[in-house]
Structure formats: structure tokens, C-alpha cells
2 protein chains.
Amino acid sequence: MYSSQYWYLQNHSLFKHLNNSDLNEICYIAAYKTVRKGDIIFFSEENNGRVFTLKKGSLKIVKIDVEGNEIVKDILKVGDLFGSLDLIESNEDEYAIVLSDTATFCSFKTADFEKFIENKPEVAVKYTKWIGFWFKRLENRYSNIMFKDVKTRLLNFLKDIAKDHQTDPDGYVSLPNYLTHQDIASLICSTRQTVTSLLNTLKSEGIITYSRKEIKVKISVL
Amino acid sequence: MYSSQYWYLQNHSLFKHLNNSDLNEICYIAAYKTVRKGDIIFFSEENNGRVFTLKKGSLKIVKIDVEGNEIVKDILKVGDLFGSLDLIESNEDEYAIVLSDTATFCSFKTADFEKFIENKPEVAVKYTKWIGFWFKRLENRYSNIMFKDVKTRLLNFLKDIAKDHQTDPDGYVSLPNYLTHQDIASLICSTRQTVTSLLNTLKSEGIITYSRKEIKVKISVL
DNA sequence: TGGAAAAAGTCTTTTAGCCGACAAACACAA
DNA sequence: TTGTGTTTGTCGGCTAAAAGACTTTTTCCA
């Protein structure tokens, strides 16, 4: 158990080049938790001000806006960071929901993490670059939403998930489908009905096939 | 001249608490430049991979998208950081245009800056927090664009500039108007015509008055 | 000072995609 | 297997705002 945790952090790009004693140190301040499908991780309360990294499974990040609508902000996969990335404090109107059967994540109190990186400048720089990268990712996603029509956005969304999956010999990528049309709509900033009918359009165009459990995308068109 | 540069960095929130020798060090790697209205600062070529901070004046950040359209991404004011914030590399399709009569900025090569923060972890943490703050700002701007109608977006845009200006005794904030309707449209993700007619609607509603030189906004409605 | 270019103003037409309403299909529990 | 909640499918009406076309005003510099 402990060794798997050590192994995970050692292989995380943030901590890859640390020596053993530093790795022990980061392991020491790390808390692990395994949760089940549908479980919610609130970023407030006992998790207030924590930086998380996902060790296993997948999550969706949800935000409640002022009108009380649930907005799906992001889908995260293994290795991704989330939570109080700015090392300031957590957003009280945000939480994560587990999509996979189980998910394991690791977290640090921002204060601990801050203290840690103050003595490991190379981690500080890596972390800064990581945040910068995440920033650009957000920027791209939003410019996608603003300047592309819904169909393009949907295809880009599929492309985005597909890049983390293997292509089958028949030229299709099979994506496990954790998400409802409502979720997808929220992610690409559209409506349930539009997503449903666009998915059917794509199906009739031969670009995708899908069931409730998976979506298969013809990789060549992406 | 040199003392003013020293003074600027000393008072920048990123470097505020550095001792004299560290301040000298950051001053040593800083390059200053003063440019005039309309001048363009490309982020590629000789400026490739630089982090900038604006010492005086105001700028707009413009991006050329794949279709060749100019998108106004941001308006920056004194103290703001821009350029290769992720410390990786600069965006070749982005540049800054000077809006004020003159602008002075200070810049560091990312490699120099990276080296600097490696030995000043507290600056690294501050920088990370700064990026985090900028992150939230981006998030807010885009959620504004995605979920509000154009009129609300326009008002929020005005509010956003207004908060950096003094309120007149008559309850109006006077904003110098560097921007064309086209620029505003681009910032709030709308069209020139829509902005023009909305501004006139707001004028007839008594919420704003404007000329080519300034916009006055009734602060109470914001 | 005049004349061209840029910006602003005002129409009208067009359209993407939101929204509500309802029905069908599925999931899951008892 | 039957019932109940959830997700998906389909349709037409509707509207905000984009897009186009043209005029008027302002800017600015030769």
C-alpha cells in the first residue's frame, strides 16, 4: 500500500527528479483516499485549501453558479491536479464527482505544499509551469467555445478524450462513456437536446457509433 | 532613470519583500523599454520567451486566430504581467499594442526569471499565486461571456474598467476611451454593430454618456 | 484645407441553437 | 413484471444577436 503511494508520486511529472529523502518528505504530507462512483469530494470543509492529484480513475469537476445551475467544468484523468491550485483557498461552490467505479486521489494541504516547494525550487518551477500549461489549456477551451459552432465543439471534445485512448485496428477509438448528454452539453456549453441530435447526426454520417456504455469515434475525421 | 526602475520592481507585489541584493539581482536581469501609442510588441523574435510587466501606460493583447481574425484578448494596466507566463515559450500568434500615449514595460527572459525564482522560492510561490489569480480572472471573464447576454457583458466590461477609476462627485466614472467599438466587441465577444447600438441604448437610458474620447458611466447602476 | 480612411450609426435579413413539450427507451429496485 | 426515475429522441416555435449593406460622422495628415 505505502509503496504504491510512493511509486505514484515518484512517477508524477512534478516529483520525478526528487531524491529519496525529498520523496519521503512529500509522501509524508500526502493524504490518500479512495472513493466510489458517484461520491462527491467537496473542496470546502475538511478539504478546504488542498491540492489534489488523481492517482486512479476519473472525475468531473462541477461548479454551482449564482443562479444555482450545475456547470460541468472539467473532466480529469490520472495525473491531473485539481483543487486549490492557486495555493490560496478553495472554491466553495465547486466539487468533484467520481465517474469511474473507484477513484484514488492524493492531496496536500496548501500550507504544507507551499512549505515543501519553498525548499525544492525545482518543484516550484515545475509547478509554476504546470499551472501555466493548465492556464493555456483553459484559454484554448474557452476560445473553442466562443468561436466555434456547437458541432465543431462536440468534435473537439471527442478528439480531446480520444487522444488518451488507443486506436482500434478498425480505425475507431473506443471511449468509455461516463457522461450523459447533459454532461457533455454542459462541458461544451450547449443544451441536452442539441447534443442528442448532433450525436445522431454524427452517427448517421458514420463518424461515430455509440451506445449507453461507449462512444466509438472514427479517428481519421478528428 | 535606474532608480525609477529599481523603485518600480521594489514596489511590485511580486518582489515587494526581497532584500537589496535580491532586488539588485532582479534588476540586473530586467530589460526596460518605452514605446509609443500604436507600437506593437511581438512576443516572438527578439522577445521570444519573455515575461513582461507593465510599468506605465496601457496595452491591449491581440491574438490572430487560425482564420486570420484579430481577437482582442485583454486590456492590461500598470503592474500586470503578460507574455510567456507559463515560462515555456511565447505564443507566436499574439502581440501587444500600446493604447496610451506612451508605455513602459520591463521584461525578463524566461530562462533568467526561472533561474531567479529557483533561488527565491517565495517569489515562485507568489508568482504561482499570481497566475492562480489570473486564472480565476480568466474563468470569470469567460463564464460571463458564456452565460450572460451581450448587454450584461457590456455592462460588466464597463464595470471592470470603472473599478480602477475615481468616481466624480456627480456619480459618474469617467473612462478614457482608447477602444473602438470593434475592440469592445472583440473583448466581450460580440459584433461591432451590436456594441454600437447597445451603447446608444445605454446612452438613451441615461446609464452612460460618451464621446470618442471618453465614456462616462453612472456608477450606481453597475 | 480638403479628401481619403477609419469609425460610428442605422437599417434589414438571416440563422444557430435555445427552449418547452412530449414520447420512447433504458436502468434498477422491490 | 411492474413501477418509477433517469436518460435519450424528436419536433417546431422563437429569439438574440450575427451578418450584410449602406450612410453619416470623425479623424488625421499631405
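Order of the sequence lines fixes the chain letters, A, B, ..., with proteins taken first and strands second; residue numbering starts at 1 for each chain. Values reported hereafter were calculated over all heavy atoms of this structure, with side chains retained and with hydrogens, waters and symmetry mates removed.
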Visitor: Do B:T152 and B:D149 meet the criterion of a side-chain donor-acceptor pair at a distance under 3.5 Å?
Guide: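 Yes, because at least one side-chain N or O of B:T152 sits under 3.5 Å from a partner of the opposite role on B:D149.
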
Visitor: If you look only at pairs with a residue in residues 198-208 of chain B, which of them pass as a salt bridge (charged side-chain N to carboxylate O under 4.0 Å, His left out), with sequence neighbours excluded?
Guide: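 Qualifying pairs: B:K151-B:E205.
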
Visitor: In whole Å, what is the span from the CD atom of B:E214 to the C1' atom of C:dA8?
Guide: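 Those two atoms, CD and C1', are 17 Å apart.
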
Visitor: I'd like to check the side-chain contact (heavy atoms from CB on, under 4.5 Å) partners of B:L187; sequence neighbours left out, ordered by chain and number.
Guide: B:V72, B:I75, B:R141, B:F157, B:L179

Visitor: According to the salt bridge (charged side-chain N to carboxylate O under 4.0 Å, His left out) rule, which pairs have a member within residues 163-173 of chain A, sequence neighbours left out?
Guide: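 For residues 163-173 of chain A: A:K77-A:D164, A:D160-A:K163, A:D168-A:K216, A:D170-A:K216.
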
Visitor: Five pairs per end, C1' atoms only: what is the angle between the end axes of the helix from C:dT1-D:dA30 to C:dA30-D:dT1, to 10 degrees?
Guide: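 The angle, to the nearest 10 degrees, is 40°.
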
Visitor: List in numerical order all residues of residues 175-188 of chain B for which some heavy atom is under 4.0 Å away from an atom belonging to DNA chain C.
Guide: B:T180, B:H181

Visitor: Quick one: what's the B/S/- string for nucleotides 20-30 of chain C, heavy-atom cutoff under 4.0 Å, read 5' to 3'?
Guide: BB----S----

Visitor: Would you please name every residue forming a side-chain contact (heavy atoms from CB on, under 4.5 Å) with A:S211, sequence neighbours left out?
Guide: A:K213, A:E214

Visitor: At the 4.0 Å heavy-atom cut-off to chain A, mark where contacts on DNA chain D begin and end, going 5' to 3'.
Guide: D:dT7 to D:dT10

Visitor: When the aromatic ring centroids of A:F43 and A:F52 are compared, is their separation below 6.0 Å?
Guide: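 Centroid separation for A:F43 and A:F52: below 6.0 Å.
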
Visitor: Run the side chain to side chain donor-acceptor pair (under 3.5 Å) test against A:Y8 and tell me which residues pass, sequence neighbours left out.
Guide: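 Here the qualifying residues are A:T53.
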
Visitor: Given 3.5 Å as the limit, does a donor-acceptor pair link the side chain of B:S100 with the main chain of B:T102, or not?
Guide: yes

Visitor: Are A:K60 and A:D74 within salt-bridge range, i.e. N to O under 4.0 Å?
Guide: no

Visitor: Heavy atoms under 4.0 Å, any strand shown: does B:S190 hit a base, just sugar-phosphate, or nothing?
Guide: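 The residue B:S190 makes sugar-phosphate contact but no base contact.
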
Visitor: I'd like to check the side-chain contact (heavy atoms from CB on, under 4.5 Å) partners of B:R192; sequence neighbours left out, ordered by chain and number.
Guide: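 side-chain contact (heavy atoms from CB on, under 4.5 Å) check on B:R192 returns B:H181, B:Q182, B:T196.
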
Visitor: Do A:S84 side-chain atoms and A:L87 backbone N/O form a donor-acceptor pair below 3.5 Å?
Guide: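 Answer holds: no.
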
Visitor: Using whole Å, what does the distance between atom C1' of nucleotide C:dA8 and atom CG of B:L198 come to?
Guide: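 Computing the B:L198:CG to C:dA8:C1' distance gives 14 Å.
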
Visitor: So, is B:T196 near the phosphate of C:dA8, with a side-chain N or O under 4.0 Å from OP1 or OP2?
Guide: no

Visitor: For A:L138, enumerate each residue passing the side-chain contact (heavy atoms from CB on, under 4.5 Å) test, keeping only those at least two apart in sequence or located in another chain.
Guide: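 With neighbours one apart ignored, the set is A:Y142, B:F135, B:L138.
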
Visitor: Please enumerate all residues that pass salt bridge (Lys or Arg N to Asp or Glu O under 4.0 Å) together with A:R36, with sequence neighbours excluded.
Guide: none

